[in-house]
A.B. asks: 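Have a look at the structure that comes next, please.
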2 protein chains.
Amino acid sequence: MPRKTGSHGQITGPRIRQAALRLFARHGYAAVSMRQIAREVGVQAGALYTYTPDKQALLADLLRSHMAHLLETWAAEQRPDAPLDRLEHFTRFHIAYHLDRPDEVFLSYMELRNLTAENFAEIEGLRRAYEKELEAILHDGRAAGAFAIADTRLAAMALIAMLTGVSTWFREGGRLGRDEIADLYWQMVRGAAGCAAGLDAAAQGSEALPPGPPRPAAALLR
Amino acid sequence: MPRKTGSHGQITGPRIRQAALRLFARHGYAAVSMRQIAREVGVQAGALYTYTPDKQALLADLLRSHMAHLLETWAAEQRPDAPLDRLEHFTRFHIAYHLDRPDEVFLSYMELRNLTAENFAEIEGLRRAYEKELEAILHDGRAAGAFAIADTRLAAMALIAMLTGVSTWFREGGRLGRDEIADLYWQMVRGAAGCAAGLDAAAQGSEALPPGPPRPAAALLR
DNA sequence: TGTGCGCCTGAACGGGCGTTCAATTCAAGC
DNA sequence: GCTTGAATTGAACGCCCGTTCAGGCGCACA
């Protein structure tokens, strides 16, 4: 069983996945060819098939491992007990995780439709599991009287959509830093959850950034 | 100038746009061929080029007319004066408009990256204009002391992301009706804006759908 | 009834697609 | 230094792509 140390297999495999992730996220699954991916890796197109059975499996693997890693990372977090703290924890975790992985996030939201039915069902299941994590927080918090939420399922979908949206406009080095953004989103999430402390804290927030003088709203983000 | 009444030009043109919209939204711009569009219309591929200079212009036209129509429709709305009413009006308008046009919405969010730089700049400008409409509401409302919003630009992006997200999970005939959905989203928007009346109304909302007994959260939407 | 033209066909163009595979390279183990 | 087998090449397969264009059809007008 020769050829172990000098073997490129341990290197080329990840490089292919990395190149595919970048290109799929930038141009879309259907618009990227296997030859483009191979060129990015510095290899001929045929070599890709040592590492993936086909293009579809390459996409499915990327989405599956992104969702699995998200769930694992979330599961490994230390969780607070109080309803409000749990919600804040989820909010800040979600934003930080998504800001760190713009390509993965983009891919996971855009390319679900390019999965075969079987792969779609699997990835969709992982996404549901993540949504259920937030829904459980909302549900428990409501039962404890901490949140005023009429429908926890819809609220979970709405909040995740709001939070994930950050990665569509965030640019490194833009007007707002990561911590600032997390603070601002948390303020809105708290309010949307109808939590009792929301108003006071929001008032504090708008003191920190005074509401009176209309700051120039044009030269904004990106 | 013969051939007027029996001319198919008035029919085929719109049919091409309609077919392209449906197919682009379902499968993605890059994954749909001109031949597929033509087949859907019942015509040969070459005939498409009587109505569009190329595939890119077809996409750009669809996105441009969607955004333009959105802005026109919004401009034609009767607008209330009070900050809270303005925000509610925008919220319900946005949800109703987007629920009625799932394909257009999907396309406008997914295919921006497939536009040429020139087309992208134009469509992006229209989208900015729409975002500015919400931002103005938030800005004025904050100045009037009705909202507790630290950053109106971020808040506008966050709220639009949240509201637009409805079209990713809404299915006709699902668990929640349109009016119910609009009510629930409005409740969350009001809270996120930190508006003073938010808490009371949210409490009312969770009376209407009692928070106590954990309703089955599984057989949910779609 | 003939003419003009809007509309559409159907074939063709050059090129890129996903995938396969025999042949080659080359380092590790014997 | 020979064997072995993983890694990779490069050519080939059949197919579909976006786009062009000469030609023909059929209706409104003269």
Side-chain angles (χ1 to χ4, degrees), chain A residues 1-24 26-63 107 111 113-116 118-119, chain B residues 1-24 26-63 107 111 113-116 118-119:
Chain A
M1 208 180 292
R3 189 77 182 270
K4 270 182 189 157
T5 312
S7 178
H8 294 171
Q10 310 289 335
I11 298 172
T12 307
R15 290 232 295 154
I16 288 171
R17 290 169 50 91
Q18 179 186 323
L21 172 63
R22 226 182 60 90
L23 291 171
F24 286 165
R26 290 239 197 308
H27 310 291
Y29 172 76
V32 172
S33 72
M34 295 299 268
R35 278 171 244 260
Q36 283 174 57
I37 297 170
R39 199 182 312 138
E40 183 112 338
V41 176
V43 101
Q44 293 296 319
L48 302 186
Y49 291 84
T50 310
Y51 301 94
T52 183
D54 51 33
K55 195 186 177 189
Q56 166 73 203
L58 191 49
L59 174 64
D61 276 353
L62 289 172
L63 297 195
L107 205 62
E111 301 297 355
R113 65 177 166 189
N114 282 313
L115 292 171
T116 60
E118 201 173 329
N119 286 331
Chain B
M1 206 180 293
R3 189 78 184 267
K4 270 181 188 156
T5 311
S7 178
H8 296 172
Q10 310 288 335
I11 298 172
T12 308
R15 290 229 298 151
I16 288 171
R17 291 169 49 90
Q18 179 185 324
L21 171 64
R22 226 182 60 89
L23 290 171
F24 286 165
R26 290 241 197 306
H27 309 292
Y29 172 75
V32 172
S33 72
M34 295 299 268
R35 278 172 244 261
Q36 283 174 56
I37 298 171
R39 199 181 312 137
E40 183 112 340
V41 177
V43 102
Q44 292 296 318
L48 302 185
Y49 291 84
T50 310
Y51 301 94
T52 185
D54 51 32
K55 193 186 178 188
Q56 166 73 203
L58 192 49
L59 174 64
D61 276 353
L62 289 172
L63 296 195
L107 204 63
E111 301 297 355
R113 63 177 166 187
N114 282 314
L115 293 171
T116 61
E118 200 174 329
N119 286 330

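Not measured: the values here are computed from a predicted model. Reminder, nothing fancy here: chain letters follow the sequence lines and each chain counts from 1.
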A.B. asks: Please encode protein proximity along nucleotides 9-19 of chain D as a string of B, S and -, counting only heavy-atom distances under 4.0 Å.
C.D. replies: BB-B----BBB

A.B. asks: Show, in sequence, the C-alpha distance, side-chain angles and deciding distance for A:Tyr49 and A:Met34, and conclude whether the side chain to side chain contact (heavy atoms under 4.5 Å, CB included) test is met.
C.D. replies: CA-CA 10 Å; A:Tyr49 291 84; A:Met34 295 299 268; 3.6 Å; yes

A.B. asks: Rounded at 0.5 Å granularity, tell me how far CZ in A:Arg39 sits from CD in A:Gln44.
C.D. replies: 10.0 Å

A.B. asks: To the nearest 0.5 Å, how far apart are CD in A:Gln18 and CG in A:Leu62?
C.D. replies: 11.0 Å

A.B. asks: Let me confirm one number: the OG1-CD1 distance from B:Thr52 to B:Ile16, rounded to the nearest 0.5 Å.
C.D. replies: 8.5 Å

A.B. asks: If you compare every side-chain N and O of A:Thr12 against the phosphate oxygens of D:dA7 (OP1, OP2), does one of them come in below 4.0 Å?
C.D. replies: no

A.B. asks: Which atom pairs, one a donor and one an acceptor, fall under 3.5 Å between side chains of residues 54-61 of chain A and the rest of the protein, sequence neighbours left out?
C.D. replies:
unit_1	atom_1	unit_2	atom_2	d
A:Asp54	OD1	A:Gln56	N	3.4
A:Asp54	OD1	A:Ala57	N	2.9
A:Lys55	NZ	A:Tyr29	O	3.0
A:Lys55	NZ	A:Val32	O	2.7
A:Gln56	OE1	A:Thr116	N	2.9
A:Gln56	OE1	A:Asn119	ND2	3.0
A:Gln56	NE2	A:Asn114	O	3.0
A:Asp61	OD1	A:Arg64	NH2	2.6

